[in-house]
Amino acid sequence: MSQPTILFSQHGMGEGNQKMQVLAQRVATQETHIIVPELNFVTTFLKLDPLIKAVERSAAAALRRSPELPFQVIGFSLGGVLWVEVLARNPSWLERLTGFVLLGSPLRGASLARTVDPFGWGLGIAQELGRNRQYLAEKITQRIPTLVIAGSLNQGSDGVIPVESTRLQYTHFFQRDGVRHQDLAIDILVSKKIKAFLANPVFPTPEHSRLTGLIEHFQHVEGITPADERDFPKAAICHTFTDGITLREWVNPMGVRHIFIADPGGNCRFSAFTGWVHDKALRRAIAQAQNF
C-alpha cells in the first residue's frame with residue numbers, strides 16, 4: 001500500500017481546472033488527497049502576484065489540515081510558474097515535497113510573451129511570463145526530484161511554448177512529440193509518465209559532456225530567451241568542435257541575434273536569442289564557447 005500523499009494539480013492560463021482534475025485522478029493512488037484549485041479565467045491574463053498568493057493560500061490551508069502528510073505537485077504551463085514562485089516564498093515546504101512535475105512550463109521565459117512585450121513594459125501577464133526563472137527553479141530541482149515534460153509539434157515548440165524554455169538542470173526530461181500545448185494535460189502517455197515518476201520520484205543520473213556544458217553556458221547569458229527551431233536552417237556555422245558539435249548563428253531582419261547548438265548529427269539541441277540590449281553579451285559568449 002502506498003503512503004498517503006497530498007497532490008496539488010494546478011492549471012494554466014485561460015482555462016478552468018477540469019483537465020488537471022482528470023490528470024490528477026489518472027496519476028493518483030487510492031491514498032492520494034487530490035487538490036485542484038481553480039483560478040479565475042480572466043485573472044490569469046492580468047497580474048501574476050494575486051495568482052501566486054491564491055495558490056499559496058490554498059496550499060497552506062491544505063498543508064495545515066494534514067501536517068503529517070508529504071505532498072507532490074503537478075504544474076501545467078503557468079501553473080508550474082506559479083508553484084516555483086510559491087515554493088521560492090516558502091522554502092520550508094520543500095521538506096515535505098517529494099516530487100515535482102512541470103508540464104509545458106516556460107520557466108526559462110516564454111518567447112511568445114517576449115514578442116508581445118519585448119521591452120518588459122508590463123503588458124498584462126506577458127511581462128511576467130517573459131521572465132527567466134531558471135535560477136529560482138533550479139534551487140528547487142537540486143533538492144527535489146523533478147520531471148519536466150514538453151510538447152513538440154515541429155520546429156521545437158508545442159505551438160505555444162518552445163521546448164528550450166522548459167528545460168532545467170537536475171531534472172528528468174521527456175519530450176512528447178505530436179501533442180499540442182493545450183492537450184498535454186490530457187494525453188495518455190504523458191499521464192503514464194507522470195504516474196510512474198510520482199510513484200518513485202528519484203534524481204536523474206547527472207550527464208557531463210561538451211554538449212551539456214555548451215547548453216549550460218548559453219543558458220546563463222544575460223537576456224537569453226529560448227526560441228523554437230524554425231530558423232535553425234537559416235543559421236550559418238560559426239564554429240565546429242572536434243567531436244562534430246557546431247555553433248550556428250543567425251541574425252533576423254530586425255537585427256536580433258540567434259544562437260543554435262547542433263549535435264554531431266546536425267540536429268538542433270539548443271536555440272535561443274537575445275534582444276538588441278544584450279547582443280554584446282551573446283557575441284562575447286559565442287567567442288568564449290569556442291574554447292570549450
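Bear in mind the structure is a predicted one, so any value in this text is a computation, not a measurement. Values reported hereafter were calculated over all heavy atoms of this structure, with side chains retained and with hydrogens, waters and symmetry mates removed. If you read the sequence from its start, that first residue is 1, and numbering goes on from there.
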Residue pair Phe100, Val84: steps toward the side chain to side chain contact (heavy atoms under 4.5 Å, CB included) verdict: CA-CA 10 Å; Phe100 195 21; Val84 165; 4.1 Å; yes
Single-linkage hydrophobic cluster Leu78~Phe76, side-chain heavy atoms < 4.5 angstrom: no
Any donor-acceptor pair under 3.5 Å from Ser58 side chain to Pro37 backbone: no
Cluster check Ile215, Tyr170: I/L/V/M/F/W/Y, side chain < 4.5 angstrom: no
Donor on one side chain, acceptor on other, Thr98 and Gln72, under 3.5 Å: yes
Common cluster, Leu82/Ile6, ILVMFWY with side-chain heavy-atom separation under 4.5 Å: yes
Gap separating the CD1 atom of Ile34 from the CG atom of Leu7, nearest 0.5 angstrom: 6.0 Å
Phe174 reachable from Leu102 in the ILVMFWY side-chain graph, under 4.5 Å edges: no
Met13 side, atom CE; Leu51 side, atom CG - distance, nearest 0.5 Å: 8.5 Å
Ser271 to Glu229 - nearest heavy-atom pair and separation: OG-CG, 4.1 Å
Candidate pair Arg167 and Glu164, rule salt bridge (Lys or Arg N to Asp or Glu O under 4.0 Å), full reasoning: CA-CA 5 Å; Arg167 293 185 187 272; Glu164 285 300 331; 3.5 Å; yes
pair Gln290-Ile286: side-chain heavy atoms closer than 4.5 Å: yes
Backbone N/O of Val36 and side chain of Asn17: donor-acceptor pair under 3.5 Å: yes
Heavy-atom pair with the smallest gap, counting every atom of Pro201 and Gly99: CB-CA, 4.2 Å
Under 3.5 Å donor-acceptor, Arg257 side chain and Glu249 backbone: no
Cluster overlap Leu214 with Ile224, hydrophobic side-chain contacts below 4.5 Å: yes
Donor-acceptor pair, side chain of Thr32 and main chain of Pro4, under 3.5 angstrom: no
Distance-only donor-acceptor check, side chains His33 and Ser66, under 3.5 Å: no
Parallel, tilted or perpendicular: rings of His239 and Phe241 (30°, 60°): perpendicular
Steps toward side chain to side chain contact (heavy atoms under 4.5 Å, CB included) verdict (Phe270, Phe260): CA-CA 5 Å; Phe270 177 83; Phe260 302 91; over 6 Å; no
Heavy-atom side-chain proximity of Val277 to Asp279 below 4.5 angstrom: no
NZ (Lys193) with more than 12 external heavy atoms under 6.0 Å: no
Any donor-acceptor pair under 3.5 Å from His217 side chain to Ala285 backbone: yes
Nearest heavy-atom neighbours spanning Gly151 and Val163: O-CG2, 3.5 Å
Test item: side-chain donor near acceptor, Glu31 and Gln3, under 3.5 Å: no
Student check: side-chain heavy atoms of Arg108 and Thr166 closer than 4.5 Å: no
Residue among Arg176, Gln175, His181 satisfying side chain to side chain donor-acceptor pair (under 3.5 Å) with Asp158: His181
Within 6.0 Å of CZ in Arg269, more than 12 heavy atoms from elsewhere: no
Lys195 side chain near Arg26 side chain, heavy-atom distance below 4.5 Å: no
N/O donor-acceptor pair under 3.5 Å between Asn132 side chain and Gln134 backbone: yes
Side chain to side chain contact (heavy atoms under 4.5 Å, CB included), paired with His258, selected from Asn252, Thr274, Val251: Asn252
Straight-line distance of Glu138 CD to Gln219 CD, nearest 0.5 Å: 6.5 Å
Over 12 non-hydrogen atoms of neighbours within 6.0 angstrom of CZ in Phe203: yes
Pair Trp83 + Phe8: ring centers closer than 6.0 Å: yes
Residue pair Ala262 / Gly266: nearest heavy atoms and the distance that separates them: CB-C, 4.1 Å
Any donor-acceptor N/O pair, Ser165 side chain to Ile161 backbone, under 3.5 Å: no
Minimum heavy-atom distance between Gly16 and Glu38, given as atom pair plus value: CA-OE2, 3.4 Å
Arg230 atom CZ, over 12 foreign heavy atoms within 6.0 Å: no
Within-4.5 Å side-chain heavy-atom neighbours: Val86 and Arg89: no
Stepwise side chain to side chain contact (heavy atoms under 4.5 Å, CB included) test for Ile74 and Leu198: CA-CA 10 Å; Ile74 305 172; Leu198 292 180; 4.2 Å; yes
Side chain to side chain contact (heavy atoms under 4.5 Å, CB included) partner of Thr171, the single match among Thr146, Leu147, Ile144, Ile149: Thr146
Point-to-point distance, once rounded to the nearest 0.5 Å, from CG of Leu23 to CD of Gln18: 13.5 Å
Interatomic distance, Phe71 atom CZ to Trp93 atom CH2 [nearest 0.5 angstrom]: 6.5 Å
Shortest non-hydrogen separation from Pro162 to Val160 and the atoms involved: CD-O, 3.9 Å
Ile237/Leu247 under side chain to side chain contact (heavy atoms under 4.5 Å, CB included): CA gap, chis, key distance, verdict: CA-CA 6 Å; Ile237 295 175; Leu247 299 180; over 6 Å; no
Test item: Leu282 and His278 side chains (from C-beta on) under 4.5 Å apart, heavy atoms: no
Close side-chain approach of Ile35 and Ser9, heavy atoms under 4.5 Å: no
Gap separating the CD1 atom of Ile52 from the CG atom of Leu87, nearest 0.5 angstrom: 11.0 Å
Sidechain-backbone polar pair: Ser77 side chain, Gly12 backbone, donor-acceptor under 3.5 Å: no
pair Phe197-His172: side-chain heavy atoms closer than 4.5 Å: yes
